[in-house]
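As the structure is a computational prediction, the values presented were derived from the model and not from experiment. Numbering of ligands and ligand atoms starts at 1, following listing order.
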Amino acid sequence: MTVKTRPTAQSTNDAATPVIEIRNLHKSYGQLEVLKGIDMVAPKGHVISLIGSSGSGKSTLLRCCNLLEDSQQGEITFEGEPVKWRGEGLNRQPADRSQVTRIRTNLSMVFQQFNLWSHMTILQNVMEAPVTVLKRDPVEVEAKAREYLEKVGIGDKADAWPAMLSGGQQQRAAIARALCMEPRALLFDEPTSALDPELEQEVVKVIKALADEGRTMLLVTHDMRLAADVSDHVVFLHQGRTEEEGPPDAVFGNPQTARLQGFLSAGG
Ligand code: ADP
Ligand code: MG
């Protein structure tokens with residue numbers, strides 16, 4: 001297992017304040033309760049992996065964190081700032097749109113299917129949100145965007161169209177796009193699941209490098225080796241509840257519950 005260096009605090013916030021804190025989160029789609037009281041803390045510089053069978057609620061939890069989904073009960077706190085709600089239950093919504101935008105732009109998401117804009121070059125894809133959403137200076141953003149493309153190993157693809165790239169290159173472009181927002185945390189939802197095994201490794205390498213430099217990350221993955229390598233803490237979800245959690249050596253080396261044992265022996 002790689003030994004991670006701890007980051008120096010990048011913001012004026014107290015380094016002890018978690019980037020994301022979730023308490024007793026409940027989320028339903030109509031009658032279907034998908035999250036049944038989840039607690040989760042992502043301290044600054046830590047990697048939290050979410051594992052579990054398909055349908056256990058991993059993507060929903062990630063999407064609730066950055067307020068892409070509403071939730072009906074429980075608290076979500078971003079860098080010590082609780083999300084403000086109005087209404088209750090199925091009518092509960094974030095009360096402050098500017099808070100939602102601030103939180104969402106600080107928690108950049110990387111999706112399984114890359115979701116690059118096909119009508120924009122790779123460079124334009126990476127520059128788009130910082131320029132249009134954050135209103136940053138395009139000249140400065142372009143310099144940053146090229147830096148991040150270099151960082152993920154596709155600096156030479158800046159002027160290519162997404163369709164010209166392999167899946168692994170597209171996913172690395174999507175990671176550069178997330179990084180260019182200079183977020184407080186990166187949220188990955190199965191970032192390697194759509195890739196052929198030989199392309200998977202080039203994305204795994206980038207994710208490991210980001211973990212090593214002390215980025216705060218929430219990582220939903222089916223890749224147990226990746227989770228074991230990069231995580232500070234692993235959460236095993238089962239039917240919307242945390243069935244078991246702990247440091248990776250305990251979760252993978254000495255699972256306590258029959259469900260986690262079964263999940264791991266089935267190959268994750
Ligand atoms: P995972 O990412 O762990 O596979 P999800 O969070 O995607 O699980 O889904 C959890 C449960 O919520 C599943 O039963 C799924 O069918 C359901 N679900 C997910 N998204 C929606 C939606 N938009 N509408 C209704 N049900 C949904
Ligand atoms: Mg999912």
Side-chain angles (χ1 to χ4, degrees), residues 20-42 47-76 83 87 89-94 100 103-104 107-116 167 170-171 174-175 178 185-196 200 203-204 207 217-228 230-231 233-246 248 251-252 255 257-268:
I20 305 164
E21 197 166 354
I22 301 275
R23 291 292 168 213
N24 189 33
L25 194 74
H26 290 256
K27 157 84 186 163
S28 300
Y29 291 107
Q31 296 295 321
L32 179 70
E33 195 179 22
V34 175
L35 301 178
K36 301 168 183 165
I38 299 280
D39 295 307
M40 189 188 66
V41 182
V47 179
I48 313 297
S49 287
L50 302 171
I51 62 170
S53 320
S54 178
S56 57
K58 306 179 298 295
S59 295
T60 304
L61 177 56
L62 220 54
R63 293 167 60 83
C64 285
C65 284
N66 74 348
L67 307 173
L68 282 171
E69 294 282 356
D70 290 339
S71 48
Q72 284 80 51
Q73 199 190 320
E75 291 310 318
I76 301 173
V83 172
L90 287 170
N91 294 320
R92 184 169 98 155
Q93 287 183 350
V100 171
I103 292 174
R104 202 173 285 161
L107 301 175
S108 286
M109 190 109 150
V110 175
F111 301 91
Q112 180 176 339
Q113 295 295 345
F114 332 135
N115 297 4
L116 296 172
Q170 288 189 53
Q171 189 59 303
I175 294 172
L186 292 164
L187 276 45
F188 290 91
D189 193 355
E190 305 266 15
T192 60
S193 293
L195 301 173
D196 295 333
E200 204 172 328
V203 173
V204 163
I207 294 172
M217 309 202 286
L218 290 184
L219 172 64
V220 172
T221 185
H222 71 289
D223 183 341
M224 296 303 126
R225 191 180 301 167
L226 174 62
V230 302
S231 307
H233 190 79
V234 180
V235 177
F236 170 59
L237 291 185
H238 177 77
Q239 295 182 356
R241 288 197 173 84
T242 301
E243 179 81 9
E244 190 166 339
E245 63 181 312
V251 165
F252 295 113
T257 60
R259 284 197 178 112
L260 178 55
Q261 288 160 8
F263 175 75
L264 293 175
S265 62

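A donor-acceptor pair is defined here as one N or O able to donate and one able to accept, closer than 3.5 Å; no such pair exists between the side chain of E190 and the backbone of L219. Counting only distance, with no hydrogens or angles, the side chain of K58 and the backbone of S53 share a donor-acceptor pair below 3.5 Å. Of the possible polar contacts, none joining the E243 side chain to the H238 backbone as a donor-acceptor pair under 3.5 Å is found. A donor-acceptor pair under 3.5 Å is formed between the side chain of K36 and the backbone N or O of Q239.
The minimum heavy-atom distance between L35 and C64, with the atom names listed, is CD1-SG, 4.1 Å. Across every non-hydrogen atom of L186 and A178, the tightest pair is CD2-CB, 3.7 Å. Closest of all the heavy-atom pairs between C65 and I103 is O-CG2, 4.2 Å. Of all the heavy atoms in F252 and A227, the pair that sits closest is CZ-CB, 3.8 Å. When all heavy atoms of G167 and F114 are compared, the pair lying nearest together is O-CZ, 3.6 Å. Nearest heavy atom pair, residue V110 against residue P191, reads CG1-CB, 4.5 Å.
The count of protein N, O or S atoms under 2.8 Å from the Mg ion (ligand 2) stands at 1, with waters excluded from the count.
Nearest protein heavy-atom neighbour of atom 19 (C) of ligand 1: Y29 CE1, 3.5 Å. If you check which protein heavy atom lies closest to atom 7 (O) of ligand 1, you get S59 CB, 3.8 Å. Scanning the protein for heavy atoms near atom 8 (O) of ligand 1, the closest one is G57 N, 3.2 Å. Of the protein's non-hydrogen atoms, the one nearest atom 4 (O) of ligand 1 is G55 N, 2.7 Å. Looking only at heavy atoms of the protein, atom 5 (P) of ligand 1 is closest to T60 OG1, 3.6 Å.
None of K27, R104, R92 except one satisfies the salt bridge (Lys or Arg N to Asp or Glu O under 4.0 Å) rule with E69; the exception is K27. Across I20, L67, L68, a single residue satisfies side-chain contact (heavy atoms from CB on, under 4.5 Å) together with L107, and that is I20.
Heavy-atom distances between G240 and ligand 1 stay at or above 4.0 Å for every pair. Under the 4.0 angstrom criterion for non-hydrogen atoms, G52 is not in contact with ligand 1.
Near S54, meaning under 4.0 Å from one of its heavy atoms, ligand 1 places the atoms 4 (O). Close contacts of ligand 1 with S53, meaning ligand atoms under 4.0 Å from a residue heavy atom, involve 3 (O).
The shortest N or O to N or O distance between E69 and ligand 1 is not under 3.5 Å.
Within the 4.0 angstrom cut-off, atom 23 (N) of ligand 1 has one or more protein heavy-atom neighbours. In this structure, atom 15 (C) of ligand 1 has its sub-4.0 angstrom surroundings free of protein heavy atoms.
In V34, the part holding a heavy atom less than 4.0 Å from any atom of ligand 1 is the side chain.
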